[in-house]
Amino acid sequence: MLSLRMRAEKEGKHVSGAERLVSTPEELHRALRELLKRPREYDKMFITVEEVQSVEVLPRALTIYSHDFRRVEDAHEFAVKKLGEEGIPEKVVRRALELLKAGANPKGGNMRGAVLMDFESGERLEPDRERGVRTVRMDWKDRKGLRKLLKERGIKKHYTDRLMDALVLATKNVHCGVLAELCWSDDPEYTTGYVAGKGIGYVRIKPMKEQGNPLGGRVYFVRRDRLQELIECLESRALIVETL
Ligand code: COA
Ligand code: AMP
């Protein structure tokens, strides 16, 4: 199987990233055509095609739920409640919310990956606080089939590449041993975020930030033991998710 990854920059700044796992030359060409169209604006694009030796297959993704609120504050309170159901203490969730609101990169602004937060103490555990840790090498078995499935379930309007990419990422995180996740985008126009966990599923929450705000990020709540194994799984182990 091949891992196909695309990232694009504008004026030295990362603007878009996406990836696929493919098995045949036809799939590779189709995926490449799709990924080439992904970034809206860029002046440099990097494409990586890499052989992956072994791939795990997971039958189902986390279940999707959606909740809309009028105010960011209410959305954040709901996130505290849901993450509490997953066993993350309130004070730790509030620390994570404050971190993402302020910009989790100690040099200012966004990180290039996720914060790893000790779920008991709230301590940051990622080896590099500007970079964070990125979840890579995951994909759906059949993206076309997913559109059909969502249509059948009456939730077709929710289908976007963004949702599908984030859902497979959150599913891989839980599979690797992340206890729960908090996320909102750094896209100033996109205010829907989510919390995710094995028990609570993939819970879309809107609005997690005000329109026009360029700050975003991800916090993975983790156990501090076996951290290296967790990072290795997130970054290196390939995972295909079969269906919703
Ligand atoms: N954000 C910011 N910078 C990024 C980045 C990201 N997501 N991904 C890559 N970069 C930049 C960094 O400068 C990185 O250097 P670093 O490792 O010191 O941080 C450099 O590109 C090389 O990164 P690398 O990990 O080698 O890239 P890659 O070719 O393996 O591709 C991506 C990884 C781009 C596919 C992956 O990071 C990504 O963005 N995947 C999509 C994530 C997704 O689906 N998110 C959900 C959408 S809601
Ligand atoms: P996005 O959902 O793409 O807007 O990304 C929101 C934030 O998540 C970014 O600012 C990064 O901090 C982080 N991030 C982006 N890609 C990844 C990834 N592959 N794994 C973990 N964190 C990521």
Side-chain angles (χ1 to χ4, degrees), residues 2-22 31-32 34-36 38-40 42 44-52 61-62 64 96 99-117 124 126-140 143 158-176 178 181-196 202 204-205 208-209 213-222 230-231 233-239 241:
L2 296 173
S3 161
L4 166 64
R5 305 192 295 278
M6 177 284 297
R7 65 185 178 90
E9 294 181 357
K10 183 147 196 242
E11 288 153 14
K13 196 172 164 279
H14 175 88
V15 289
S16 175
E19 66 168 301
R20 297 283 188 273
L21 291 167
V22 295
L32 190 53
E34 273 176 36
L35 295 197
L36 289 172
R38 273 302 263 283
R40 272 171 276 168
Y42 65 94
K44 209 176 198 179
M45 183 187 273
F46 301 82
I47 300 283
T48 305
V49 182
E50 189 180 55
E51 174 95 37
V52 291
L62 297 172
I64 308 173
L99 196 59
L100 294 192
K101 278 202 272 185
N105 185 330
K107 292 236 170 101
N110 297 311
M111 292 170 66
R112 308 196 295 280
V115 172
L116 300 184
M117 185 171 276
R124 287 178 72 166
E126 68 278 14
D128 177 339
R129 291 187 179 182
E130 292 170 40
R131 179 180 189 274
V133 170
R134 286 193 294 274
T135 309
V136 276
R137 294 177 178 79
M138 65 278 170
D139 199 359
W140 295 98
R143 283 180 182 247
H158 287 324
Y159 181 94
T160 58
D161 284 325
R162 195 198 291 265
L163 168 61
M164 287 301 130
D165 290 351
L167 178 58
V168 77
L169 182 150
T171 301
K172 180 175 177 192
N173 288 344
V174 168
H175 179 70
C176 285
V178 170
E181 176 183 356
L182 167 70
C183 166
W184 64 84
S185 177
D186 50 39
D187 179 342
E189 303 314 314
Y190 194 73
T191 62
T192 304
Y194 67 84
V195 296
Y202 180 88
R204 305 171 74 234
I205 309 176
M208 287 300 273
K209 67 175 186 180
N213 182 342
L215 293 177
R218 287 187 156 85
V219 176
Y220 298 172
F221 300 96
V222 302
L230 174 70
I231 295 174
C233 180
L234 295 172
E235 293 183 336
S236 308
R237 271 161 61 182
L239 181 74
V241 180

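Start at 1 and go down the list; that is how both ligands and their atoms are numbered.
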- Applying a heavy-atom distance cut-off of 4.0 Å, which protein residues contact ligand 1? Arg5, Met6, Arg7, His14, Gly17, Ala18, Thr48, Arg112, Arg131, Arg134, Val136, Arg162, Asp165, Ala166, Leu169, Arg218
- Message: Show the nearest heavy-atom pair for residues Leu99 and Arg124, with the distance to one decimal.
- Response: CD1-NH1, 3.8 Å
- Taking all non-hydrogen atoms of both residues into account, name the closest pair between Lys101 and Trp184 and its distance. N-CZ2, 3.8 Å
- Item | Side-chain ion pair, Arg40 and Asp187, N-O less than 4.0 Å | yes
- Message: Does this structure show an ion pair linking Glu235 with Arg131, if we count only N-O contacts that are shorter than 4.0 Å?
- Response: yes
- To the nearest 0.5 Å, atom CE of Met6 lies from atom CG of Leu36 at 8.0 Å
Between ligand 2 and the protein, which N/O pairs fall short of 3.5 Å?
residue, atom, partner, partner atom, Å
ligand 2, 2 (O), Arg218, NH1, 3.4
ligand 2, 4 (O), Ser185, OG, 2.7
ligand 2, 4 (O), Asp186, N, 3.3
ligand 2, 4 (O), Asp186, OD1, 3.4
ligand 2, 5 (O), Arg218, NH1, 3.4
ligand 2, 8 (O), Arg218, NH1, 3.0
ligand 2, 10 (O), Asp186, OD2, 2.6
ligand 2, 12 (O), Met111, O, 3.2
ligand 2, 12 (O), Gly113, O, 2.9
ligand 2, 19 (N), Thr135, O, 3.1
ligand 2, 20 (N), Thr135, N, 2.9

- Item | Counterpart residues, side chain to side chain contact (heavy atoms under 4.5 Å, CB included), relative to Ala114 (two or more places apart) | Arg218, Tyr220
- Query: Residues in side chain to side chain contact (heavy atoms under 4.5 Å, CB included) with Cys176, at least two apart?
  - Reply: Lys172, Leu230, Cys233, Leu234
- Query: What's the verdict on salt bridge (Lys or Arg N to Asp or Glu O under 4.0 Å) for Arg20 and Glu34, showing C-alpha distance, side-chain angles and the deciding distance?
  - Reply: CA-CA 10 Å; Arg20 297 283 188 273; Glu34 273 176 36; 2.9 Å; yes
- Message: Applying side chain to side chain contact (heavy atoms under 4.5 Å, CB included) to Leu100 and Lys209, what does each step give before you reach the verdict?
- Response: CA-CA 10 Å; Leu100 294 192; Lys209 67 175 186 180; over 6 Å; no
